[in-house]
*Asks:* 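Take a look at this one; I'll ask things after.
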Amino acid sequence: MTTKTKFTYTRRAVSRFAGAVAGAVMLASPGWADVPESTDPIHLSIHDHVGSHFMSTLAKRLLEKAGYNVELVMIGETEVLLADQTGDISFQIETWTSTHPELQPMIDEGKLTLVGETGLVGKDRWWYPLYVKELCPGLPDWHALKDCAEVFATPETGDKGRFLGYPDNWGGWDEERIA
């Protein structure tokens, strides 16, 4: 599954963030010497995966270069949607809309504002090590798994295979895919 990552913000943070981004973009202009309209910290979410670390850190650096006070807040993918609504998070750079069906109703109700796409495309995939292909002929066709469950077995699963998925708070559709 491929998804484009999105920007989401609380309504009250939109104008402030838009101004901050405009200011950061204007840094390219040598004559620009404006100051931010507020010294209050902007609370920017950061999640437990590399893409979020990169995008959030980049946004933080750009905003700080424009004179803003930015604090990165480590928070889970699901918890951030509530924190956006309560104002504990000013904005988040990345939301995987494919794993958060609850996002659209929040946007429709005016609790969050979807500002746009980041331009990055994420891929939600299942992977296996190359040596497993030798142990389980027929991969990557999922039907091959029926004949080689023992390759993925553990003492806890007996003769059945074990699936290691993403952290629960990332959301996703693993159960549906497995079914």
Side-chain angles (χ1 to χ4, degrees), residues 1-127 165-177:
M1 176 177 292
T2 301
T3 186
K4 294 183 179 179
T5 60
K6 311 278 185 177
F7 288 104
T8 58
Y9 312 94
T10 60
R11 277 217 185 274
R12 60 192 132 186
V14 172
S15 62
R16 186 167 167 208
F17 176 71
V21 169
V25 170
M26 290 170 61
L27 282 173
S29 171
W32 183 68
D34 201 1
V35 292
E37 68 277 5
S38 173
T39 58
D40 293 343
I42 296 173
H43 296 103
L44 173 59
S45 70
I46 187 167
H47 308 296
D48 60 351
H49 55 87
V50 174
S52 177
H53 282 251
F54 174 78
M55 293 295 293
S56 296
T57 301
L58 178 62
K60 179 181 190 291
R61 288 182 181 172
L62 287 171
L63 292 167
E64 286 176 340
K65 196 166 187 176
Y68 288 88
N69 177 13
V70 181
E71 295 176 10
L72 292 178
V73 179
M74 181 64 81
I75 190 167
E77 293 277 340
T78 303
E79 297 82 9
V80 74
L81 297 177
L82 177 59
D84 279 337
Q85 294 174 62
T86 62
D88 293 331
I89 295 293
S90 305
F91 72 97
Q92 61 176 328
I93 290 290
E94 182 177 349
T95 299
W96 285 57
T97 55
S98 63
T99 58
H100 290 288
E102 71 277 21
L103 185 62
Q104 192 58 52
M106 291 176 182
I107 293 167
D108 294 344
E109 294 168 14
K111 294 177 180 176
L112 296 176
T113 299
L114 180 62
V115 176
E117 296 180 1
T118 62
L120 299 177
V121 177
K123 295 190 180 199
D124 190 4
R125 303 271 197 257
W126 287 354
W127 303 90
Y166 299 116
D168 287 340
N169 72 346
W170 286 17
W173 310 102
D174 289 335
E175 292 81 9
E176 292 84 350
R177 289 177 181 163

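This one's a predicted model, so the numbers in the text were calculated from it and none came from an experiment. All residue numbers refer to positions in the sequence shown, counting from 1.
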*Asks:* Please check this pair: side chain of Q92 against backbone of S45, looking for a donor-acceptor N/O pair closer than 3.5 Å.
*Replies:*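 No, Q92 side chain to S45 backbone: no donor-acceptor pair under 3.5 Å.
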
*Asks:* With rounding to the nearest 0.5 Å, note down the distance linking OG1 in T86 to NZ in K111.
*Replies:*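 With rounding to 0.5 Å, OG1 (T86) is 12.0 Å from NZ (K111).
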
*Asks:* Do the non-hydrogen side-chain atoms of H47 and I75 ever get within less than 4.5 Å of each other?
*Replies:*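 Touching, per the 4.5 Å side-chain cut-off.
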
*Asks:* Does R61 reach the side chain of V70, with side-chain heavy atoms less than 4.5 Å apart?
*Replies:*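 No; the side chains remain at least 4.5 Å from each other.
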
*Asks:* Nearest 0.5 Å please: distance from the CG atom of L58 over to the CG atom of L63.
*Replies:*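 The CG atom of L58 sits 9.5 Å away from the CG atom of L63.
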
*Asks:* As an exercise, state the distance from CD of E71 to CD1 of I46, rounded to the nearest 0.5 Å.
*Replies:*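 Taking CD in E71 and CD1 in I46, the distance rounds to 13.0 Å.
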
*Asks:* Search all heavy atoms of S90 against all heavy atoms of P41 and return the closest pair with its distance.
*Replies:*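 Looking at all heavy atoms of both residues, the shortest contact is OG-O, 4.3 Å.
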
*Asks:* State, to 0.1 Å, how close A66 and P36 come at their nearest heavy-atom pair, and which atoms those are.
*Replies:*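 Closest pair (atom of A66, atom of P36, distance): O-CG, 3.6 Å.
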
*Asks:* Kindly compute the distance separating CG (L112) from CD (E102), expressed to the nearest 0.5 Å.
*Replies:*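 These two atoms lie 10.0 Å from each other.
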
*Asks:* Could you state the interatomic distance from NE2 (H53) to CE (M74), rounded to the nearest 0.5 Å?
*Replies:*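 The distance works out to 4.0 Å.
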
*Asks:* Heavy atoms, side chains only, cut-off 4.5 Å: are Y68 and E37 in contact?
*Replies:*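 They are in contact (side-chain heavy atoms under 4.5 Å apart), so the answer is yes.
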
*Asks:* T57 and side chain to side chain contact (heavy atoms under 4.5 Å, CB included): which single residue from L72, L44, I93 fits?
*Replies:*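 Among L72, L44, I93, the one meeting side chain to side chain contact (heavy atoms under 4.5 Å, CB included) with T57 is L72.
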
